[in-house]
Peer 1: 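Mind having a look at this structure? Questions to follow.
The chains referred to below are lettered A, B, ... by the order of the sequence lines, with proteins before strands, and numbering in each begins at 1.
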Amino acid sequence: MAKTESTLKNMVLTLLVITGVAGTSLGFMFELTKGPIEAAKKAKQEAAIKMVMPEFDSLEKDTTIANTNFFRASSNGELVGIAIEAVSPKGFSGNIKIMVGFKPDGTIINYQVLEHKETPGLGTKMADWFKTDKGKQSILGKHPETNKLTVSKDGGEVDAITAATISSRAFLDAVRIAYETYNDNKSNEPVAANTSAEEGGTE
Amino acid sequence: MNTLTISPSPHVHSGDSVKKNMYGVVIALLPALAASLYYFGLGALIVTLAAVLSCVFFEWAIQKFLLKTEASILDGSAALTGLLLAFNMPTNLPIWIIIIGSLVAIGIGKMSFGGLGNNIFNPALVGRVFLLISFPVQMTLWPEPGKNMTAYLDATTGATPLSVMKEGLANGETVSALMDKIPSITELFYGNMGGSAGEVAAVALIIGLIYMLIRKIITWHIPVTVIGTIAVFTGILHLVNPELYAGPLFHLLTGGVMLGAIFMATDYVTSPMSNKGMVIFGIGIGIITVVIRVFGAYPEGVSFAIIIMNGFVPLIDKYIKPKRFGEVAKTTKA
Amino acid sequence: MNVVLITIISLGALGTLAAIILYFVAQKFKVFEDPRIDQVEEALPAANCGGCGFPGCRAFAEAMVKADDISDLNCPVGGADTMSAAAAILGKEVEAAAPMVAVVRCNGTCENRPRITNYDGATSCTIASSLYGGDTGCSYGCYGLGECVDACAFDAMYMDEKTGLPVIIEDNCVSCGACVDACPKNIIELRKKGPKSRRIYVSCVNKDKGAPAKKACSVACISCKKCQKACPFEAITIDNNLAYIDYEKCKLCRKCVTECPTNAIHELNFPPKKPKVEKPAPEAAE
Amino acid sequence: MEYVLIVISAIFVNNIVLSQFLGICPFLGVSKKISTGIGMTGAVTFVMVIATIVTFFIQKAVLEPFGVEYLQTITFILVIASLVQLVEIMLKKVSPPLYQALGVFLPLITTNCAILGVAILALGLEDTNIVKSVVFAISHAVGFGLALITFSGIREQLDLMDIPKGMKGTPIALVVAGLLALAFMGFAGIV
Amino acid sequence: MLKTFSLGGVHPAENKFSAGKKIEVLPIPEQVSVPIAQHIGAPSEPVVKKGDEVKVGQLIAKSTGFVSANIHSPVSGKVFKIDDVLDASGYKRKAIIIKVEGDEWNEDIDRSDDLKTDITLSGEEIVKKVGESGIVGLGGATFPAQVKLSVPPGKTCDVLILNAVECEPYLTADHQLMMEKGEEIMIGTEILMKALKVTKAIIGIENNKPDAIAHMSELAQKHEGITVESLKVQYPQGGEKQLIDACIKRQIPSGKLPIEVGAVVQNVGTTFAVYEAIQKNKPLFERVVTVTGKSIEKPSNFMARVGTPVSNLIEAAGGLPEDTGKVIGGGPMMGKALSSIDVPITKGSSGILIMPEKIATRKPVQNCIRCSKCVSVCPMGLSPYLLMTVSDKAVWDRAEEEKIMDCIECGSCSYTCPSSRPLLDYIRLGKGKVGQIMRSRTK
Amino acid sequence: MNQWNNFSKGFFKENAVFTLLLGMCPTLGVTSSAFDGLGMGLATTFVLVMANLVIAIIKNLIPDKVRIPAFIVVIATFVTIVEMTMQAYLPDLFESLGLFIPLIVVNCLVLGRAEAFASKNNIGSSIIDGLGMGLGFAMALTILGAIREILGSGKIFGTVVFPEDYGMLVFVLAPGAFIALGYLIAFINQVKKEA
Ligand SMILES: Cc1cc2nc3c(=O)[nH]c(=O)nc-3n(C[C@H](O)[C@H](O)[C@H](O)COP(=O)(O)O)c2cc1C
Ligand SMILES: Cc1cc2nc3c(=O)[nH]c(=O)nc-3n(C[C@H](O)[C@H](O)[C@H](O)COP(=O)(O)O)c2cc1C
Ligand SMILES: Cc1cc2nc3c(=O)[nH]c(=O)nc-3n(C[C@H](O)[C@H](O)[C@H](O)COP(=O)(O)O)c2cc1C
Ligand SMILES: Cc1cc2nc3c(=O)[nH]c(=O)nc-3n(C[C@H](O)[C@H](O)[C@H](O)CO)c2cc1C
Ligand code: SF4
Ligand code: SF4
Ligand code: SF4
Ligand code: SF4
Ligand code: FES
């Protein structure tokens, strides 16, 4: 079994061929998976939106607002909810990104944690904690204007996740940001046409 | 004629023994135990007993069934580990958690390395830190001193001065305002505050220190450097901004500084061998403690500081040697 | 298609670049290292025991590659197979070294050698030997503290609790000589494994004269010279009041064994002796 | 200040070995002696910094402009592999003593996750630029070194002790690594 | 504050039972066996043969090198044989065995008790005479004295230090010698000063011998250049390096000799022997030996002839007690356990210590708990726990790095260790191996 | 070589994790649950098999000097394929495995097998070796993941075994990974010795 020798020609040729083949197959693979990847991403966002909104038949993304995703959902032409993505940098280890759904009057419908790097078992509990109707944990159905949505340690009316006050603060901070965004932009009304959920979902 | 015994010199021994040292430390801890019973009552008793008994049991069981070596539980080191573990836990900790802590301390922290003398990290602190991270909720609920002396699990809970300080500062309050929310310095000195079983009463711990120094169980190097470093470091921070950083007295008298500096950093097995090494070790503990307390997520950093420095002990021992005889003159190496 | 094209081009370019750079650098910075060292090392048993006299297998491999004549080099652990394999790599020849095995030349069991003092120091023969000659009247014999056993990396030794003497497990012994070096009393010797692993040796190292030797230990060599006279092959020499059997000369006839009045001469792996039947045959061929 | 935070974070808080699980193989493999630990640290630092610089430019000059970021893995690893080999060949010739010291570690580095990991993570920094990436890489290398050298110190000491038979070798090393990681968790939250 | 050495040290119970006991002259035994290796260095060469008649003080074995010593007959009688006998080393070694007949001394020995104060010999002659008289260090190391007195070229000596510390517990030989032969020691000191060409001599005495300090200080006033230094009771104050450190605050560098710092140390017993050799022409064949122990009937100090069996001394002190577990030649810290009480006394025997069985056996060894007590007591600033471990695991290069060769084998570490670890046993083992390695390297 | 041995050695005798200590980063990094461990293990197996296959085919065509770069390109290609596929069809798993997917490239196990086995053996053996090694690796990761999951959060493959409050959080975090693996290896060594 004669091995190919390490001459310049051989070396270059080998690597060229290998990289070439690799490139070709990767390129095609990329083309192939491009669609599904996008779809998966979109599906995830949609799932989040659906989660934090009541039933709706049309969804529209407000592209006028910079730096965030802002969706209006309506049912039968009537605005039923607003979903807003918000990020707080105050997490225990990095940013916390959530999506909060508001009723048109500002009451919190539901939320979904999108991205975070909090400690498993501690900060990660926020995914359910603030939805659980136990003690003063839940923020669902609360209104940031009338309810003081900070942790009880800081004088608010929400129980922090045990042993994860920092994450809880950050989470509530993100809720606050979401609400402010809502406040600043809810007047941008009216919304219009029957854009379908599929179309409005992404850029 | 008698059969003569032959052995190399020396033919006499000081009579010092492992047991004497270990029980010496236990005796030195008695004032702190008394203080703990005084402040926390039943809970302190239960926690201490549970920890000591389970540590001794695990040591015995592991030696007997896993390592199949002769059991050496009578030397007192396992009991001491149990006692110190108990002193590092809130007095309303459920017993099953204490048992896990003891298993970790003895099983992972000590016996995995081959038992007494071989471990790299302080077993009691391994146990405590393991619990702290595993059960952050239970490990940070502190019974209030002097209240519900007969209650165990359902004692009223309060905060430790350190967590009050940490929380308060995080919320932008000032040190002077917060100092009013915690007991006075004298009360801190006598131990009237929330905290782990054995750490609260500085005065009792200092009595223990004096006892151990007199009996020559330990030397001054580690306790003094740890306490000194913390005092100096927090003193400097306090001078820089008295409203953002609490003063040295506050830091020395709260939390586990005294317990750690006197009883845990001094653990023979996990501290350096040379005096110079001990000084470096002590300074390291002091600095890390303050860094964690002031800048980190945890209100308290002594335990972490000690086990972090435990990790550096082999390096310290390798590079920092005791002063050698004739070294001064040996500048020109032959 | 665009992406695919870019992919191919950028990857290809990178690959080519890497190849070219690697080629030129390799050309410019060429260093020669004998690849045979690696090969030889691979052929060795990797026990790193030092039995060959070199600090570890790699050093031995280097020495083999460098040496012109490898006849004095031997890896006792691997034995002849390994050596010929290694030699084959180098295209050299080896003479098969005779297989050896360790023997303990002391039979001073508790029964044979009454204890007169009581040792209470650290468990180390070397330490004991710096103090005194031993617990018994014989200052040449084994201390029974097992330094040799600790030295053996091949589990070929153990201390016999009853006799207080080390025992060699023949099958495990690779004749590395670690025990020989470890024993402060030079009690252990590497001897040729005779045919069928048979051997005869004087199991005593006492250099005292007959009377004190016998007094100290009932199975001591008392240098009575009977064995020397009995040996038809002049394999036995007596020096310093001690008989020694040269294993090169010994033909395993076993004449000396019966001669020895103190049973100091041991035989190993012979079939049980039929009572009183003398075999004149010099070779114990069976 | 930002740089200080990067440094502290990389060395203590998010130590690459003890909390990010990168470069574990060399951490376990070449930590039996302090001297080899130091050698490995040197080699890793060297390659990590160079690799981070080169991959930074590849990312910014090739992958991003052409929109083929998905080739990150393959291009980076190709660069690292070639780089390591390059360094090895050159070192052998240029500085044999240094090669003696570092050489044996070099081939191990190709498959050291820490190098590729840091190269990729460096691009994830906020407002990343080349200086920041280099600082990032150096700090991670120091963090790697800190963990490795401390660990090898401990292992050297363990060598002189009588560890129970079942725990000897890898098991006890892993437990020590675990306890070290436990200790380092104390730094959590500093940045 | 009393002077003492700068690092480490311990304070074992002193137990000086034989203190104040007058030196008794031990009856001459029926037979003596005089080993030919009684000193550090090459064994001597016998110059008599079986059947020869010898007188007390007659040369019977000749020095065989620079570091070696003459041996003189301690008795008069007939050489019975030259054979291997068990000696204090625990091995059979060559010895000259003499059957005693009468007590006839060489004529040129001055047996009177008169004090001879003027030193007639020159420095060089003194050194030569010391050599001829077979004088070795009586402090325990038995190093030939004339070697120490011959200051090597290029070095200078500016102070003589007399080692009268007797820091070993139990032993009182030097103490008693000072009390009874103080004047002679003073003159011996002057002789040594003359030989070394120094003008200063310091006598270092531990503070647990106040009578000796007072006595010697008084005598010293009459002798120019001699001072007495009272030292803290701390073992190993008598170690040469420690003593120099304590008295003149100079530390001998690692691997160097006292002369490096301009000092020579001699034991008081040696000094007395020098006096007798120079002024009375009497070679070294007898010495003061303490026989002591907790349960011995009559702890005593004897003037005994070299070669006398240890059993004779024990008999004279009331016999071997029932509970004897160990017989030690020397003190409890550095002495050597004897494997038989029939071994002969040699020039280096400063004491015979009988230990009851109960304290003679060691406690079981436990793991090192890294208490660092051994480190803090080591007078040489070593790390005994580590030295033991590396010796046990045979990591010789590390042992050398950790300066195992600096260990003076004082035993403070083993004495202190709460885990009863045999530290010094293993350190000795390591020293042996490392010494071998180092020697093979220089070859 | 006996193909069954060749296949089975990866599970026990030469298990990458338990005895060879290869691929430790993913072993520790992504085993906070049994499912993640399994996913990672299978992804690695795929890469391992494919890489072994391709390398066994082209081994003789590659000059020595570019051997490593060439091998690594092959491996990286498959890794990227896995990465994209997973992103498209298993986005959740992709997210929780995070950085460790691209890092399969540098998993010493993959390159190690390529170097040590595939570059010396024929195609069939190489595939079987890859499969055995990969599945052994997956098995190890799953076991470790299961242990950590159950100790850390009282679940196994997401099924609750005991309430989460009784779980020891450490086992989900970095230190627990090391410790659990340490004792697992000690245990396996013991079993092996007795076997
Ligand atoms: C390893 C580690 C992980 C942690 N993770 C979190 C976290 O995810 N979220 C959080 O708020 N705090 C986290 N903490 C911080 C502590 O749990 C801290 O005690 C707590 O945030 C504040 O205490 P409290 O909530 O009991 O008031 C973590 C600490 C450590 C050491
Ligand atoms: C630990 C130790 C303790 C010693 N103690 C004494 C002692 O108490 N008295 C003494 O004369 N020599 C003692 N020596 C011996 C001295 O170091 C030194 O050898 C002696 O004083 C030199 O004098 P010499 O040659 O006249 O014996 C001791 C040695 C050591 C190592
Ligand atoms: C090989 C050797 C050479 C020595 N040379 C000299 C010397 O030249 N001058 C000197 O004063 N002492 C010399 N000594 C004696 C030592 O300094 C020391 O007194 C002797 O070893 C006994 O001391 P000790 O009882 O403290 O161990 C020498 C010792 C040895 C072992
Ligand atoms: C002064 C002193 C302090 C000790 N401190 C501790 C300690 O903090 N934690 C512990 O587990 N054991 C401690 N011990 C006991 C003992 O050293 C410990 O069990 C060993 O670490 C186990 O190998 C201490 C012992 C002494 C003498
Ligand atoms: S018995 Fe001796 S020669 Fe044989 S293997 Fe063991 S150490 Fe080597
Ligand atoms: S043969 Fe030698 S080494 Fe072995 S036990 Fe006997 S004396 Fe010790
Ligand atoms: S015997 Fe050696 S190591 Fe021990 S204390 Fe004395 S000088 Fe130090
Ligand atoms: S005195 Fe004993 S237990 Fe203490 S450190 Fe030294 S050897 Fe270890
Ligand atoms: S898998 Fe080996 S270094 Fe990460």
Peer 1: Identify which part of F/V170 has an atom lying under 4.5 Å from any heavy atom of chain D, answering side chain, backbone, both or neither.
Peer 2: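 For F/V170, side-chain heavy atoms alone lie under 4.5 Å from chain D.
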
Peer 1: Which region of D/L121, side chain (C-beta onward) or backbone (N, CA, C, O), has a non-hydrogen atom less than 4.5 Å from a non-hydrogen atom of chain F, or is it both or neither?
Peer 2: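 The side chain, not the backbone.
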
Peer 1: Please evaluate residues D/F21 and F/M24 with respect to the criterion side chain to side chain contact (heavy atoms under 4.5 Å, CB included), reporting the C-alpha separation (whole Å), side-chain torsions for both, the decisive distance (0.1 Å), and the verdict.
Peer 2: CA-CA 8 Å; D/F21 298 115; F/M24 293 314 271; over 6 Å; no

Peer 1: To the nearest 0.5 angstrom, please state how far the CD1 atom of F/I188 sits from the OG1 atom of D/T170.
Peer 2: 11.5 Å

Peer 1: Specify which of F/V30, F/N189, F/V73 makes the most heavy-atom pairs with chain D at under 4.5 Å.
Peer 2: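 The answer is F/V73.
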
Peer 1: Counting neighbours of NZ on D/K168 that are heavy atoms of other residues, nucleotides or ligands and sit closer than 6.0 Å, is the number greater than 12?
Peer 2: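 More than 12 heavy atoms, drawn from other residues, nucleotides or ligands, come within 6.0 Å of this atom.
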
Peer 1: Does any heavy atom of chain D fall under 4.5 Å from the side chain of F/A177, the backbone, both, or neither of them?
Peer 2: side chain

Peer 1: Does the side chain of F/P102 come within less than 4.5 Å of D/Q72's, by heavy atoms?
Peer 2: no

Peer 1: Could you tell me whether the side chain of F/F78 reaches within less than 4.5 Å of the side chain of D/I74, counting heavy atoms only?
Peer 2: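 They are not in side-chain contact.
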
Peer 1: Does NZ in D/K165 sit with more than 12 non-hydrogen atoms of other residues, nucleotides or ligands closer than 6.0 Å?
Peer 2: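 Atom NZ in D/K165 is not crowded, with 12 or fewer foreign heavy atoms closer than 6.0 Å.
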
Peer 1: Pick out which of D/L116, D/I80, D/L22 makes a side-chain contact (heavy atoms from CB on, under 4.5 Å) with F/V106.
Peer 2: D/L116

Peer 1: Near F/F157 CZ, under 6.0 Å, is it more than 12 heavy atoms from other residues, nucleotides or ligands?
Peer 2: yes

Peer 1: So which heavy atom on F/P69 is nearest to which on D/A81, and how close?
Peer 2: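 Between these two residues, the closest heavy atoms are CA-CB, 4.4 Å.
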
Peer 1: So for F/V105, is it side chain, backbone, both, or neither that comes closer than 4.5 Å to the heavy atoms of chain D?
Peer 2: side chain

Peer 1: Output the distance between atom CD1 (D/I24) and atom CZ (F/F178), rounded to the nearest 0.5 Å.
Peer 2: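 Those atoms lie 4.0 Å apart.
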
Peer 1: Could you tell me which portion of F/F100 (side chain, backbone, both or neither) has an atom closer than 4.5 angstrom to a non-hydrogen atom of chain D?
Peer 2: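 Only the side chain of F/F100 comes within 4.5 Å of chain D.
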
Peer 1: Given that the side chain runs from C-beta out, which part of F/Q87 has a heavy atom under 4.5 Å from chain D: side chain, backbone, both or neither?
Peer 2: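 No part of F/Q87 comes within 4.5 Å of chain D.
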
Peer 1: Assess the residue pair F/L103 and D/T73 against the criterion (side chain to side chain contact (heavy atoms under 4.5 Å, CB included)); give the C-alpha distance rounded to whole Å, side-chain angles, the decisive distance to 0.1 Å, and a yes or no.
Peer 2: CA-CA 8 Å; F/L103 290 184; D/T73 313; over 6 Å; no

Peer 1: Quick check: closest heavy atoms across F/A174 and D/S19, and the distance to 0.1 Å?
Peer 2: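 Smallest heavy-atom distance, with atoms named: CB-CA, 4.1 Å.
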
Peer 1: Under a 4.5 Å heavy-atom cut-off, does chain F meet the side chain of D/I120, its backbone, both or neither?
Peer 2: side chain

Peer 1: When you look at NZ of F/K192, are more than 12 heavy atoms from neighbouring residues, nucleotides or ligands closer to it than 6.0 Å?
Peer 2: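 Above 12, so yes.
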
Peer 1: Evaluate whether atom CZ of F/F11 has more than 12 neighbouring non-hydrogen atoms of other residues, nucleotides or ligands under 6.0 angstrom away.
Peer 2: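 Above 12, so yes.
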
Peer 1: Would you name the heavy atoms of F/A186 and D/G166 that are closest together and state the gap between them?
Peer 2: CB-O, 3.7 Å

Peer 1: Hey, which of F/I179, F/L181, F/L28 has the most heavy atom pairs under 4.5 Å with chain D?
Peer 2: F/L28

Peer 1: Might you point out which heavy atoms bring F/C25 and D/G23 nearest each other, and give the distance in Å?
Peer 2: SG-N, 3.2 Å

Peer 1: Is the number of heavy atoms from other residues, nucleotides or ligands within 6.0 Å of CZ (F/F7) greater than 12?
Peer 2: yes

Peer 1: Between D/L28 and chain F, with a heavy-atom cut-off of 4.5 Å, which part of the residue counts as in contact: side chain, backbone, both or neither?
Peer 2: side chain

Peer 1: Quick check on F/T77 against chain D: is it the side chain, the backbone, both or neither that has a heavy atom closer than 4.5 Å?
Peer 2: both

